[in-house]
Structure formats: C-alpha cells, structure tokens
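Scroll down for the structure; my scribbles are underneath it.
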Amino acid sequence: MLDLIILSLHFFVCFLISVAIWRGPKDVDLCSSSPGTVEMEPDGLILIGKEDDIKRSQRITAKVNGREVVVFYHEGKFHALDSRCYHEGGPLCLGEIEDINGQACIICPWHKYKITLETGEGLYEGINPLEPSPTPQWQSKGVKQRIHKVTIDNGNVYVSPPDLSVSFDSDYFADKYKNSGDLAMEK
C-alpha cells in the first residue's frame, strides 16, 4: 500500500512539474542553463554570451533579430544554426551531437534527422541498388539548415545576423516561431 502511495505522489509531482513548464513564461530559454543576454554591437554582430559560460553549458539558445538560434560548443569549436529543425521544427537545442563520417551532426530529437553543425547539410543513409552488394552510405540532401557565423572576441561570443538573400528549408520554422517568444519544446 505504501508503494502505491509513493508511486501516486511521484506521478502527481511529475504532473505538476510538466504543467509548470507548459504554463511557464514563454520567453524563457529552455535549452541552456544560462540564457544569453542578446545585445546588438555597433558592427552589426549580436552578443550571445560569455565564451566560458557557453563552453561550460555546451549550448545556448538566443534570439537573433527575433529568430531562435542555438549556439553549440563542440570539440573546441563554436557552431550556430537555426534552433528549429528544417523538417518539422523540432528543438535542435535538445538534440544529441554525433560524429557521422567525420562530421559533427546534431540529431533532431523529434524525428532523428541528422544535420551537420559545420554546413547545415541534411544527411541520410542510402544505398545504390545497382551495386552487386549494396551497402548503406551517408549521403547529403544539401544544405537544409541555416547556419550563422560565430565570432569570438575578448571572451565574448557573437553571432552575425542572417543573410536573408538566400533561403533555406529551416527558414519556414524560424519565421513560424519568430518573435512569438514560444520556446516550447514539446510536440
């Protein structure tokens, strides 16, 4: 009987936490332990945060011109890309980073789409049916996710505003969530 009470209490507490997260402030950054203060610098760069803080947390999400951008620190390099997956808007800031054929890739937590951190290419595993014994190999779908230039200066991490003269598949979801303050990560 005591086990049933403890289990019920556990589920009730989990329920309360999920309601608090769901109903909480909409402009809270749910993907980093230390949300960045975003400021526009005179040269057009946007201050995301302190280099040491981002190295410690490994990732941070910030608004860049109203657009959600996630900055990753992985294997000694900073990478920035639209925080919503090009496929269906999944929260890339919650994804795992994996090495695929020597390329660091973020794996979308919703549908496991693989996106290179360096170029924003979508990757898939395919075969050539004309080969006598086809073996799956990683292929590129082309650049699907908008990446953003990261600049480190004097211990600060900056991101350049996006060049919107070229469009990418991830722009649809970047626009959908732009200025909404909705960093909700559930589907």
Side-chain angles (χ1 to χ4, degrees), residues 25-98 103-111 113-123 142-187:
K26 295 296 184 190
D27 60 349
V28 172
D29 178 357
L30 298 177
C31 289
S32 77
S33 56
S34 57
T37 310
V38 178
E39 299 173 13
M40 178 74 81
E41 294 294 311
D43 56 1
L45 296 177
I46 298 159
L47 175 65
I48 300 300
K50 294 286 184 191
E51 181 179 6
D52 290 339
D53 294 340
I54 298 172
K55 283 180 176 178
R56 200 171 11 267
S57 68
Q58 302 288 302
R59 60 187 75 192
I60 188 169
T61 303
K63 292 276 188 172
V64 174
N65 292 358
R67 184 183 201 103
E68 290 178 28
V69 172
V70 60
V71 178
F72 294 100
Y73 179 73
H74 180 71
E75 295 183 351
K77 290 176 136 182
F78 286 93
H79 306 275
L81 54 151
D82 285 349
S83 71
R84 298 297 181 147
C85 179
Y86 71 90
H87 173 240
E88 281 196 14
L92 296 179
C93 61
L94 298 178
E96 296 294 322
I97 296 176
E98 288 182 19
Q103 299 181 85
C105 296
I106 186 70
I107 311 304
C108 180
W110 284 359
H111 301 110
Y113 274 57
K114 290 143 181 65
I115 304 162
T116 64
L117 292 178
E118 195 74 33
T119 64
E121 287 178 88
L123 299 181
V143 177
K144 300 291 187 175
Q145 196 76 21
R146 181 180 295 279
I147 60 169
H148 303 268
K149 183 179 179 214
V150 177
T151 304
I152 311 299
D153 185 35
N154 215 15
N156 293 317
V157 177
Y158 299 90
V159 171
S160 298
D163 173 10
L164 299 177
S165 66
V166 178
S167 65
F168 297 94
D169 291 2
S170 66
D171 289 341
Y172 172 79
F173 291 101
D175 288 341
K176 182 176 178 180
Y177 290 96
K178 188 173 186 173
N179 295 323
S180 69
D182 185 10
L183 292 172
M185 298 300 154
E186 68 278 345
K187 179 170 182 189

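No side-chain heavy atom of K144 sits less than 4.5 Å from a side-chain heavy atom of E121. Residues P162 and R67 are in side-chain contact: their nearest non-hydrogen atoms beyond the backbone lie under 4.5 Å apart. Within the 4.5 Å cutoff, the side chain of V64 has heavy atoms near those of the I48 side chain.
Of the possible polar contacts, none joining the R84 side chain to the Y172 backbone as a donor-acceptor pair under 3.5 Å is found.
Residues forming a side chain to side chain donor-acceptor pair (under 3.5 Å) with T151 (at least two apart in sequence, or on another chain): none. For Q103, there are no side chain to side chain donor-acceptor pair (under 3.5 Å) partners at least two apart in sequence or on another chain.
The distance from atom CD of Q145 to atom OG of S170, rounded to the nearest 0.5 Å, is 4.0 Å. Remark: I107 CD1 to L92 CG distance equals 10.0 Å, nearest 0.5 Å. The structure places NZ of K178 at 9.5 Å from CG of D171, a figure rounded to the nearest 0.5 Å.
Listed by first then second residue, pairs satisfying ring-ring contact (aromatic ring centres under 6.0 Å, His included) with a partner in residues 52-74 read Y73-F78, not counting sequence neighbours.
None of Y113, F173, W110 except one satisfies the ring-ring contact (aromatic ring centres under 6.0 Å, His included) rule with Y86; the exception is Y113.
Under 3.5 Å, the side chains of H148 and D82 contain a donor-acceptor pair of N or O atoms.
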